[in-house]
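This is a predicted model, so every value here is computed, not measured. Values reported hereafter were calculated over all heavy atoms of this structure, with side chains retained and with hydrogens, waters and symmetry mates removed.
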Amino acid sequence: MQNISQRPQGISSDSFYFEKDKTDSILVLGVGNYLMGDESIGVRLIEALSECSIPEYLDILDGGTGGFLLLDRFQAYGTVIFVDATMDGKPAGTVSLLRPRFASDFPKALSVHDVGLKDMIEAVYLLEHQPDLYLITVSIDHINPMCVEVSPPVKKAIPAAMDQILSLAQSLHKQAQAVGDHL
């Protein structure tokens, strides 16, 4: 049994993001609507990560459908990894990594919060501080309103998506450490 003090904790206070310098930390931000079936995969992945032992440099946040309410997180972190569902025509459960710089870089049909998330990314680039952004998507082929179940192909993608998130975070952390050592 894992020691409870080693498990990630849910943070409900916005002040957490400003109590200490987070620029060397990586935020994994899962977005999605828990009541829309497969569209909830971003928050489901955060849920799954909360059950794992994660490195100290990694923070996880269930962003739900927060949209512009999440902008302050981008001011606090040097690197943000988005996790979201996408309706990109690929087989359900396909895990992809993208490097979005602008809203136009997002998949064409990014689930039901398409406009809000794309607008939020555009707003991030208007801020004084822009974090290094990555997007990990899990392809879905439909949205089930008022459904909390995730389809088998999307549920099966959870371990692969978690591995990709943790591997990317570790690689980014090592790169940041190597750059920091040379300064």
Side-chain angles (χ1 to χ4, degrees), residues 8-52 54-88 95-140 143 148 150 158 161-162 164-166 168-169 172-173 176:
Q9 296 179 1
I11 305 300
S12 61
S13 169
D14 284 344
S15 65
F16 169 77
Y17 296 96
F18 303 101
E19 289 174 352
K20 74 173 197 160
D21 183 11
K22 296 284 192 182
T23 55
D24 292 332
S25 296
I26 298 170
L27 175 65
V28 179
L29 175 62
V31 293
N33 189 332
Y34 201 82
L35 299 174
M36 301 290 271
D38 288 351
E39 203 276 331
S40 70
I41 193 64
V43 295
R44 302 290 181 135
L45 281 160
I46 296 301
E47 223 173 54
L49 286 168
S50 75
E51 298 295 322
C52 299
I54 59 174
E56 275 187 29
Y57 58 82
L58 197 62
D59 291 336
I60 58 175
L61 177 65
D62 173 347
T65 57
F68 287 111
L69 297 174
L70 300 171
L71 275 177
D72 59 345
R73 290 359 178 240
F74 295 95
Q75 291 289 92
Y77 286 87
T79 303
V80 176
I81 301 172
F82 273 114
V83 185
D84 197 8
T86 185
M87 294 173 66
D88 58 3
V95 179
S96 302
L97 171 63
L98 304 165
R99 289 291 313 271
R101 297 257 328 138
F102 302 100
S104 61
D105 296 334
F106 277 87
K108 290 191 181 354
L110 191 62
S111 67
V112 296
H113 47 266
D114 177 74
V115 174
L117 189 56
K118 286 183 178 184
D119 291 340
M120 184 175 63
I121 293 304
E122 290 290 351
V124 165
Y125 285 102
L126 296 175
L127 298 173
E128 184 177 323
H129 166 76
Q130 295 89 32
D132 197 13
L133 293 177
Y134 296 82
L135 175 64
I136 292 183
T137 62
V138 177
S139 300
I140 65 173
I143 295 171
V148 296
V150 176
I158 290 175
M162 286 176 58
Q164 187 158 11
I165 292 165
L166 293 171
L168 174 61
L172 293 170
H173 179 71

Q.
Which residue is it: I26, V28, L27, L45? I am looking for the one with a side chain to side chain contact (heavy atoms under 4.5 Å, CB included) to I60.
A. V28

Q.
Tell me if a side-chain donor or acceptor on R99 pairs with a main-chain N or O of L135 at a distance below 3.5 Å.
A. no

Q | side chain to side chain contact (heavy atoms under 4.5 Å, CB included) partners for L71, two or more places apart | A | F68, F74, M120, A123, V124, L127

Q.
Looking at every heavy atom in both A169 and L58, which two are closest together, and how far apart are they?
A. CB-CD1, 3.7 Å

Q | Minimum heavy-atom distance between G32 and V43, given as atom pair plus value | A | O-CG1, 3.8 Å

Q: Return the minimal non-hydrogen interatomic distance between G37 and S40, and the atom names on each side.
A: O-OG, 2.7 Å

**Q.** CG-CD1 distance between L168 and I81, expressed to the nearest 0.5 angstrom
**A.** 4.0 Å

Q: Name all residues meeting the side chain to side chain contact (heavy atoms under 4.5 Å, CB included) criterion together with E47; count only those two or more places apart in sequence or in a different chain, and write none if there are none.
A: Y34, R44

Q. Distance from T65 atom OG1 to L70 atom CG, nearest 0.5 Å?
A. 9.0 Å

Q | Atom pair CG/NE2 of L166 and H173 - distance to nearest 0.5 Å | A | 13.0 Å

Q.
What verdict does the side-chain contact (heavy atoms from CB on, under 4.5 Å) test give for I158 and I41, after you've listed the backbone C-alpha separation in whole Å, the side-chain angles of each residue and the deciding distance to 0.1 Å?
A. CA-CA 8 Å; I158 290 175; I41 193 64; 3.6 Å; yes

Q) Any side-chain heavy-atom pair from I143 and M87 closer than 4.5 angstrom? A) yes

Q) To the nearest 0.5 Å, what is the distance between CD1 (I165) and CG (L49)? A) 5.0 Å

Q: For T79, check side-chain hydrogen bond (donor to acceptor under 3.5 Å, both in side chains) against everything at least two apart and list the hits.
A: none

**Q.** Heavy-atom side-chain proximity of R73 to V80 below 4.5 angstrom
**A.** no

Q. With sequence neighbours excluded, what pairs up with D24 under the salt bridge (Lys or Arg N to Asp or Glu O under 4.0 Å) test?
A. none

Q | Partner residues of S139 under the side chain to side chain contact (heavy atoms under 4.5 Å, CB included) criterion, sequence neighbours left out | A | T86, D88, K90, T94

Q.
Measuring only between side-chain heavy atoms, which start at C-beta, is D84 closer than 4.5 Å to E39?
A. yes

Q) Below 4.5 Å, heavy atoms only, C-beta onward: do Y77 and L29 meet side chain to side chain? A) no

Q. Among all residues two or more places apart in sequence or in another chain, which pass the ring pair (Phe, Tyr, Trp, His ring centres under 6.0 Å) test with Y134?
A. none

(Q) With rounding to the nearest 0.5 angstrom, report the OG to CG distance, S50 to L61. (A) 12.0 Å

